[in-house]
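Every chain is numbered from 1, with letters handed out A, B, ... down the list of sequences. Just the heavy atoms: all of them, side chains too, but no hydrogens, waters or symmetry mates, feed the values below.
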Amino acid sequence: MRASKFFMPTLKETPSEAEVPSHIYLLRAGFIRKVASGIYDFLPLGFRVLKKIENIVRKHMDEAGALELLLPILTPAELWKETGRWDVYGKELFRLKDRHDRDFALGPTHEETITDLVRKNIRSYKDLPFNFYQIQTKFRDEARPRYGLIRGREFIMKDAYSFDTSEQMAIKSYELMKETYHRIFKELGLNYLMVEADVGAIGGKFSHEFVVLAANGEAHIVYCENCGYAANVETASYEFELDRLPPEEEKPLEKVYTPNVKSVEEVAKFLGVDIKKVVKTLIYILDDGTAVAVAIRGDREVNETKLLNYFKALDAHLASPQELEELGLVEGFVGPIGLDIPVYVDRSVEDLHNFVVGANEKDYHYINVNIPRDFKPVEFVDFSTARKGDPCPICKSPLEETTGLEVGHIFLLGTKYSQAMRAYFVDKDGKEKPIVMGCYGIGISRLIAASVEQNHDKNGIIWPESIAPFRLHILALNTKDKNIMQTCEKIYEKAKQKGIDVLLDDRDISAGAKFKDADLIGIPYRIVVGKALKEGKIELQRRDGTLKELVDVSLTDNILEKIKG
RNA sequence: CGGAGUGUAGCUCAGGUGGCAGAGCACGUGCCUUGGGAGCACGGGGUCGCAGGUUCAAGUCCUGCCACUCCGACCA
């Protein structure tokens, strides 16, 4: 491709809408343009990267035996109502009506659609297993689109769905996808972690996320460098035995005056005790309106995902001051003793002795509280959020904490959708059984941003070879110099013959501008033809800075072979 | 959904107290120039987000709306 005939509108300045590196550089280098909040054009450069990522994903999915197909974006409400997700999915689901006033949704994911296809066309165990996938545009009416391609309202995903005759077989399909995902992310040149994850609203038995390590990611993960344990903090565990305080003899319960002392820090300071001996009692209101009390040690944070899963709730929120008042409670002085609300106790409080709690009375706390002498919990539950330094649940080494971008998520769905939609097959024993499903997503467009987050410097993008829009960038520094132009043309033609994706910058602009654009766009290999040609030399460079050398022009063939890789 | 901010040329932004709509970059033409976003000259380019109001006069003041961005809530 000749730059003079190509469309790559670069920007010298950063558009005010962009904050993070991937957004800034993808805009500036001419890969994307914004159409509306969370909605983008892919320009030729961006489209090339998109296609390269798609093809890598496609290759590995095909090799794993998955079958590509294409499902509609526009889906009838009836399908969503069958599984209840028309209501459950909430405002994130893009909804619209046709001229007959019938409800439709733009698909954010396709469990219902694919299950509908399968139930209509599969009858027997002999028809299974299958793994279907598609690469397609998805929609989510995000509350807050952000960071360019990282969180859009329209985005491109690869989604796959496996159908098996038993959970055992489904786990095999799941494991195969897990291996396939490792191959894909490795080939994409990403620094990533596979972590244990919560299934969230998709549902299912268990799941793993593939997280690209990046400062601007929304995924919080903990991991163990020693044994390899890694999990999203939503679901992460830790070895709490090691975090316990030594046993003590029980002292008599005592109510103490703590005027205007509310927060855990204030209470610990006021009473002169370790924050670990102050227990906070949090009142949550579940989505069905039920109030529950959660007692947790002062130094730990409640993990709301664990809370939702335990109570099988879709939503829960901390009681507001008004709600507390309606329950007859005083903000800052809530405690489990004499409480009408059922008290669930985090395991951090198990075996804790002589601790402090609110007295459910303004300006009073109890000290020397002990279980079960002073109150009886409904149950001890793991409600706490793991954090850096906690002992690994597997090997007890200190956990590390980091953030990343979720670019892949695999779920063992089980029979949630097949049962709801009656996708049954007749097994060998003649009995009708629900198909066991798995689903497997990869955020294709988000991967473009994820890669840039990991691969850039102050001058622009540094693409990994596998997904770069071009492999070789030839800079003709002076287009008026016939010798330079002829040399560039020769190199360009030879590169094309060898099947190298090559971009020749033959535009009549200053040398400096070409270097700036080249750095911004980030093509891995660069051949610079300029002044040194007078001595018969051209310059071979790598965008990542690992190579910059003058080479005799007669060695062009060797260089191109090397670049071809 | 709560909080904050922004909206003026393609981009980045300036336009106290109301009084002829600007700069840099980008763009066009010409000359000149070609190793890190060159120089000179001339030129084109505006529904000042939209609607209403106050006023002799509104980019500027008032009201409402819209869009975008950031923080938070939320986030298969």
Interatomic distance where [atom1] belongs to [X] and [atom2] belongs to [N] [whole Å]:
| X | N | atom1 | atom2 | value |
| --- | --- | --- | --- | --- |
| A/His220 | B/C75 | NE2 | C1' | 13 Å |
| A/Glu19 | B/C68 | CD | P | 16 Å |
| A/Asn478 | B/G36 | CG | C1' | 15 Å |
| A/Glu17 | B/G10 | CD | C1' | 13 Å |
| A/Leu413 | B/A76 | CG | P | 14 Å |
| A/Asn232 | B/A76 | CG | C1' | 13 Å |
| A/Lys548 | B/G35 | NZ | P | 14 Å |
| A/His409 | B/C75 | NE2 | P | 14 Å |

Within the structure shown, what part of the strands sits under 4.0 Å from [X] by heavy-atom distance: base, sugar-phosphate, or nothing?
| X | answer |
| --- | --- |
| A/Thr14 | sugar-phosphate |
| A/Arg28 | base |
| A/Asn459 | nothing |
| A/Ser37 | sugar-phosphate |
| A/Glu539 | base |
| A/Ile509 | base |
| A/Leu520 | base |

Ignoring backbone atoms, test whether A/Lys12 places a side-chain nitrogen or oxygen under 4.0 Å from the OP1 or OP2 oxygen of B/G37.
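No, no such contact exists.
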Find the partner of [N]: check Watson-Crick (N1-N3 plus N6-O4 or O6-N4) and G-U wobble (N1-O2, O6-N3) distances, both under 3.5 Å, and reply none if neither fits.
| N | value |
| --- | --- |
| B/C48 | none |
| B/G7 | B/C66 |
| B/A58 | none |
| B/G37 | none |
| B/G22 | B/C13 |
| B/C27 | B/G43 |
| B/G72 | B/C1 |

Without placing hydrogens or testing angles, list every side-chain donor-acceptor pair under 3.5 Å for residues 37-46 of chain A, not counting sequence neighbours.
unit_1	atom_1	unit_2	atom_2	d
A/Tyr40	OH	A/His23	NE2	3.2

If I pick the [atom1] atom on [M] and the same atom on [N], what distance separates them, to the nearest angstrom?
| N | M | atom1 | answer |
| --- | --- | --- | --- |
| B/G24 | B/G19 | C1' | 27 Å |
| B/G22 | B/C68 | P | 31 Å |
| B/A14 | B/G7 | C1' | 15 Å |
| B/A4 | B/C40 | P | 46 Å |
| B/G59 | B/C32 | C1' | 40 Å |
| B/G3 | B/C65 | P | 13 Å |

So, A/Phe104 versus A/Trp80, ring centres under 6.0 angstrom or not?
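No, the ring centres sit 6.0 Å or more apart.
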Are the charged groups of [X] and [Y] less than 4.0 angstrom apart, N to O?
| X | Y | result |
| --- | --- | --- |
| A/Arg446 | A/Glu453 | no |
| A/Arg146 | A/Glu19 | no |
| A/Arg119 | A/Glu82 | yes |
| A/Asp141 | A/Arg95 | no |

Of all the nucleotides listed ([options]), which has the minimum atom distance to the side chain of [X]?
| X | options | answer |
| --- | --- | --- |
| A/Ala36 | B/G24, B/C68, B/G36 | B/C68 |
| A/Arg146 | B/A76, B/G35, B/A73 | B/A73 |
| A/Ser16 | B/G35, B/G36, B/U12 | B/U12 |
| A/Glu13 | B/C11, B/U69, B/A76 | B/C11 |
| A/Phe515 | B/G37, B/G35, B/U69 | B/G35 |
| A/Arg140 | B/C75, B/A38, B/G36 | B/C75 |
| A/Thr479 | B/A76, B/G37, B/U34 | B/U34 |
| A/Glu406 | B/A73, B/G37, B/A76 | B/A76 |
| A/Ala511 | B/U69, B/C75, B/U34 | B/U34 |
| A/Arg144 | B/U12, B/G72, B/C68 | B/G72 |

First of A/Lys516 and A/Thr109 reached from the 5' end of RNA chain B, by closest nucleotide:
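First, find each residue's nearest nucleotide; the 5'-ward one identifies A/Lys516.
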Assign each of A/Glu304 and A/Tyr147 to its nearest nucleotide of RNA chain B by heavy atoms, then name whichever residue's nucleotide is nearer the 5' end.
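Result: A/Tyr147.
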Once you round to the nearest 0.5 Å, how far does CD1 of A/Ile221 lie from CD of A/Glu406?
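Between A/Ile221 CD1 and A/Glu406 CD, I get 11.0 Å after rounding to 0.5 Å.
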Side-chain (A/Thr235) to main-chain (A/Asp198) donor-acceptor, under 3.5 angstrom:
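Between the backbone of A/Asp198 and the side chain of A/Thr235 there is no qualifying donor-acceptor contact (under 3.5 Å).
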Would a distance-only check, ignoring hydrogens and angles, find a side-chain to backbone donor-acceptor pair under 3.5 Å from A/Tyr284 to A/Leu307?
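Not a single qualifying donor-acceptor pair exists.
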State which residues pass ring-ring contact (aromatic ring centres under 6.0 Å, His included) with A/His182; sequence neighbours excluded, sorted by chain then number.
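Here the qualifying residues are A/Tyr192, A/Phe210.
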Any N/O donor-acceptor pair, A/Lys480 side-chain to B/U33 base, under 3.5 Å
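Counting by modelled atom types and ignoring angles, a donor-acceptor contact under 3.5 Å is found here.
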Looking at A/Asp517 and B/G37, is any side-chain donor or acceptor paired with a base atom of the opposite kind under 3.5 Å?
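Yes.
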Identify the pairs formed between an N or O of the protein and an N or O of nucleotides 41-44 of chain B at a distance under 3.5 Å, and give each distance.
none

Less than 3.5 Å apart, any donor N or O on the side chain of A/Tyr440 or A/Ser162 sitting next to an acceptor on the other?
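A pair is found: one side chain offers a donor N or O, the other an acceptor, under 3.5 Å apart.
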